[in-house]
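Worth knowing before you read on, the calculation uses all heavy atoms, side chains too, and leaves out hydrogens, waters and symmetry mates.
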Amino acid sequence: KLGLPVPYLADLMVRQLTGDRPATEMLYSGEFVTTEEAKKTGLVDDVVSPEEVEGKAVEKVMKIADLPQAAFLDLKANRTESIRSLYEQNYKRKNEYFFDCWFSEPVQDLVKEAARKF
């Protein structure tokens, strides 16, 4: 278990994608998730073979491109509004804390240990 700090924006995004409980488990444990867990929690849309990635990505982009532009932009804005609002309210304090924590000696020791394992 790593116990490394996570940037505030990443925390907000993971919580929106997966929900609070799965995000809390992932962020607290610091463990990698399997592809099956990532799909189950909504962290990824699909799990495909390396040979299928490009085709699936193009297919997804084409579906999005076919949507009415104004409606798509409105839906996207609705989805990101809460994250933007929270981030703008708290980013200075949260980022200062993240950097203080990240560059602390205990965390740097954990980062070095994780780098050796990786």
Side-chain angles (χ1 to χ4, degrees):
K1 310 235 182 213
L2 293 176
L4 297 174
V6 175
Y8 183 51
L9 185 56
D11 183 291
L12 292 172
M13 292 169 69
V14 168
R15 288 180 190 287
Q16 185 185 61
L17 287 170
T18 67
D20 192 55
R21 188 175 299 269
T24 297
E25 179 61 32
M26 282 186 265
L27 297 170
Y28 281 6
S29 76
E31 298 290 323
F32 288 110
V33 296
T34 65
T35 53
E36 292 81 17
E37 290 171 313
K39 185 170 182 184
K40 179 180 171 189
T41 61
L43 195 57
V44 298
D45 293 332
D46 205 357
V47 178
V48 298
S49 70
E51 298 79 26
E52 296 174 283
V53 169
E54 186 175 346
K56 289 285 188 176
V58 168
E59 181 181 316
K60 180 94 173 181
V61 169
M62 296 305 288
K63 283 182 181 178
I64 291 171
D66 285 341
L67 296 173
Q69 192 67 22
F72 174 75
L73 291 175
D74 191 50
L75 288 170
K76 183 178 177 183
N78 291 342
R79 192 186 81 239
T80 60
E81 185 176 303
S82 62
I83 288 177
R84 182 182 311 120
S85 177
L86 282 171
Y87 185 76
E88 287 173 351
Q89 289 174 32
N90 300 303
Y91 79 94
K92 288 180 183 174
R93 179 177 52 83
K94 297 283 190 174
N95 286 347
E96 285 175 14
Y97 179 75
F98 169 77
F99 287 121
D100 288 346
C101 187
W102 183 260
F103 290 106
S104 70
E105 190 173 329
V107 170
Q108 286 299 296
D109 289 343
L110 288 171
V111 170
K112 289 174 189 171
E113 179 185 333
R116 279 193 293 275
K117 291 179 181 179
F118 201 65

Take atom [atom1] in [X]; do more than 12 heavy atoms of anything else shown fall under 6.0 Å from it?
X   : atom1 : value
Q89 : CD    : yes
Y91 : OH    : no
F72 : CZ    : yes

Identify whether V33 and L17 are in the same connected component of the hydrophobic contact network (ILVMFWY, side-chain heavy atoms under 4.5 Å).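 Same cluster.
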Distance-only, no hydrogens or angles: does the E52 side chain make a donor-acceptor pair with backbone N or O of S49 under 3.5 Å?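 Flag set: sc E52 to bb S49 pair under 3.5 Å.
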Show your reasoning for whether side chain to side chain contact (heavy atoms under 4.5 Å, CB included) applies to E36 and V47. CA-CA 8 Å; E36 292 81 17; V47 178; 5.8 Å; no
Check step by step if side chain to side chain donor-acceptor pair (under 3.5 Å) holds for E37 and T41. CA-CA 6 Å; E37 290 171 313; T41 61; over 6 Å; no
Just distance, no hydrogens or angles: give the donor-acceptor pairs under 3.5 Å from side chains in residues 108-118, sequence neighbours left out.
| residue | atom | partner | partner atom | Å |
| --- | --- | --- | --- | --- |
| Q108 | NE2 | W102 | O | 2.7 |
| E113 | OE2 | K117 | NZ | 3.2 |

May I ask you to test the [X]-[Y] pair for a side-chain heavy-atom distance under 4.5 Å?
X   : Y   : answer
K63 : E59 : yes
M26 : V14 : yes
E25 : E31 : no
V44 : T35 : no

Applying the side chain to side chain donor-acceptor pair (under 3.5 Å) test to N90, which of K94, K92, R93 qualifies?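 Checked K94, K92, R93 against N90; only one passes side chain to side chain donor-acceptor pair (under 3.5 Å): R93.
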Would you kindly say whether N95 and Y87 are connected by a side-chain donor-acceptor distance under 3.5 Å?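 Result is yes, a qualifying pair exists.
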